[in-house]
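Following this message is one structure expressed as structure tokens.
Treat the numbers as computed from the prediction; the structure is a model and nothing was measured.
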Amino acid sequence: MSFFRDLNLSAATAGFVAVLVGFTSSVAIVFQAAQAFGATPELITSWMWALGLGMGLCSAIPSLLWKQPVMVAWSTPGAAVLATAGLAGGFTMPQAVGAFMASAVLIALAGATGSFERIMNRIPMALASALLAGVLARFGLQAFAAAQTALPLVLLMLLAYLLGRRLLPRYAVPLTLGVAVVYVLARGQFNAGALTLEWARPVFTAPEFTFSAFVSLALPLFIVTMASQNLPGVVAIRAAGYDMPISKIITMTGVVTLVLAPFGAFALNLSAITAAICMGEEAHPDKKKRYTAAVACGAIYVLIGLFGAAVTGLLIAFPKELVLAIAGLALLGSIGGGLHAALCEDSHREAALITFLVTLSGVVIAGIGSAFWGVVAGALALFVQQYRAQKTDTP
């Protein structure tokens, strides 16, 4: 099978790092969202089963078919919206599931009609690159901010990364991760108590459709998923130089969410952060073989779904500083490439810089994250500049 011939250590490690980063950085928010609707431990495990299988299959199967790294994740800002709205509105789990399904239908329609892809095609590359750099740069900042609470670990990882880039550039990230794990184990900082061994069991919840849940849950979930997740996800794909059928992928995530929503899959979408990890040169020197990193990532997500609490415990047993540092270091190349593409053209430089800074700020307005507002601010700046230039050139 060509997949096993194309797979190497760096690609497999990139897939694992992507899961480690994507899962541990936001799983607590997903737990909070589930608990906001009165979820029992059995229902929370079902959520992990549905999300793990959904993310894994939507990443692995298209990646194998198209030989391109398709990366699908859960909607972290969507989970935050659900956690807040759920506590404030007093919605039941059946009503929440109905909202998940309504949002999934809207996402599938946005993909099937091609409307989302048409909007993405109108965003200049400089602004798109600035958006990606702004999204990723927050992880770069967090990597070095982790030194405040774990200075020896972060310095050791930085040294390992720099030496790896000098001596074994293809394996810099696996080397860094290996050194960090050995250090954590030697210092007794691995939380083995978080490990449990049990299979996940899906629990079906019959949906209940209400107008209040549609307005308070479904619409905000749809908006933040498209603006804060799918938007930078498409940017990550194009910045890496891949030409994927975006509309088909968006439609697929909507349909799979619709099927798995009764078991707890609240929203699946394109990934930006973990996609950058699996689409960069660190994953594989051959661009045509980086799909293996996405397949590896998808396989691990499926294991998370099947084993539920066991794999969840393994991933959250690592110190948070290790997760933050490995994410930032793995994304350095993507951050630098995004900034270079954003700022290399004089005519777009100022608008791109505004996009980058607004995105990096993390500002949330009307429940919509900074990725969307970064594009809005940059597009507005570019429009004013071009309009002013046209007025000046007019005799």
Side-chain angles (χ1 to χ4, degrees), residues 23 26-58 61 72-112 198-226 229-230 250-269 301-312 367:
F23 197 87
S26 58
V27 67
I29 302 175
V30 176
F31 285 174
Q32 290 173 0
Q35 291 169 347
F37 302 111
T40 61
E42 292 76 17
L43 278 175
I44 293 177
T45 300
S46 180
W47 278 42
M48 291 299 103
W49 177 87
L51 290 168
L53 261 63
M55 293 187 297
L57 295 177
C58 286
I61 294 177
V72 172
W74 62 48
S75 175
T76 300
V81 167
L82 292 174
T84 303
L87 290 173
F91 297 101
T92 65
M93 184 62 74
Q95 291 172 340
V97 169
F100 301 165
M101 297 179 73
S103 173
V105 170
L106 294 176
I107 292 173
L109 288 174
E198 60 182 81
W199 289 90
R201 296 180 181 179
V203 178
F204 179 84
T205 300
E208 178 184 341
F209 300 97
T210 66
F211 179 76
S212 60
F214 178 79
V215 174
S216 300
L217 299 178
L219 281 180
L221 180 60
F222 167 72
I223 292 171
V224 300
T225 298
M226 298 301 292
Q229 293 287 114
N230 282 326
I250 298 296
T251 304
M252 174 191 68
T253 60
V255 171
V256 173
T257 300
L258 182 63
V259 172
L260 293 176
F263 302 98
F266 58 92
L268 300 174
N269 48 247
Y301 273 136
V302 170
L303 288 177
I304 288 177
L306 294 177
F307 287 95
V311 181
T312 300

Distance in Å, Ser216 OG paired with Leu221 CG, rounded so as to fall on 0.5 Å steps | 12.5 Å
Closest approach of Ala99 and Leu217, non-hydrogen atoms and distance?
-> CB-CB, 3.6 Å
Nearest heavy-atom neighbours spanning Ala36 and Ala83 | CB-O, 3.7 Å
Give me the ring orientation class for Trp47 and Phe100: parallel if the planes are under 30° apart, tilted from 30 to 60°, perpendicular past 60°.
-> perpendicular
Quick one: side chain to side chain donor-acceptor pair (under 3.5 Å) partners of Glu42, sequence neighbours excluded?
-> Thr40
Would you tabulate the side-chain donor-acceptor contacts of residues 206-213 under 3.5 Å, counting partners in other chains and residues two or more places apart, or write 'none'?
| residue | atom | partner | partner atom | Å |
| --- | --- | --- | --- | --- |
| Glu208 | OE2 | Gln95 | NE2 | 3.4 |
| Thr210 | OG1 | Ala213 | N | 3.2 |

Between Leu306 and Leu53, is any pair of side-chain heavy atoms under 4.5 Å apart?
-> yes
Could you tell me whether the side chain of Trp49 reaches within less than 4.5 Å of the side chain of Leu260, counting heavy atoms only?
-> yes
Is any side-chain heavy atom of Asn269 closer than 4.5 Å to a side-chain heavy atom of Thr253?
-> no
Can you find a pair of side-chain heavy atoms, one from Ile107 and one from Thr257, that are under 4.5 Å apart?
-> no
Please identify each residue that fulfils side chain to side chain donor-acceptor pair (under 3.5 Å) with Ser75, with sequence neighbours left out.
-> Thr225
Nearest heavy-atom pair of Thr251 and Ala108: which atoms, and what distance?
-> OG1-O, 3.7 Å
Heavy-atom distance under 4.5 Å between the side chains of Val97 and Phe37, does that happen here?
-> no
Does the pair Val256 and Leu57 meet the rule for a side-chain contact (heavy atoms from CB on, under 4.5 Å), with working shown?
-> CA-CA 9 Å; Val256 173; Leu57 295 177; over 6 Å; no
Specify the closest pair of heavy atoms between Met226 and Ala110, including all atoms of both residues, with the distance to one decimal.
-> CE-CB, 4.0 Å
Candidate list Val255, Leu258, Val72, test side chain to side chain contact (heavy atoms under 4.5 Å, CB included), partner Leu268, passing option = Val72
Do the non-hydrogen side-chain atoms of Leu106 and Leu219 ever get within less than 4.5 Å of each other?
-> yes
Which atom pair, heavy atoms only, marks the closest approach of Ala265 to Ala50?
-> N-CB, 3.7 Å
Verify, without hydrogens or angle tests, whether Thr45 (side chain) and Ala200 (backbone) share a donor-acceptor contact under 3.5 angstrom.
-> no
How many angstroms lie between OH in Tyr301 and SG in Cys58, if you round to the nearest 0.5 Å?
-> 12.0 Å
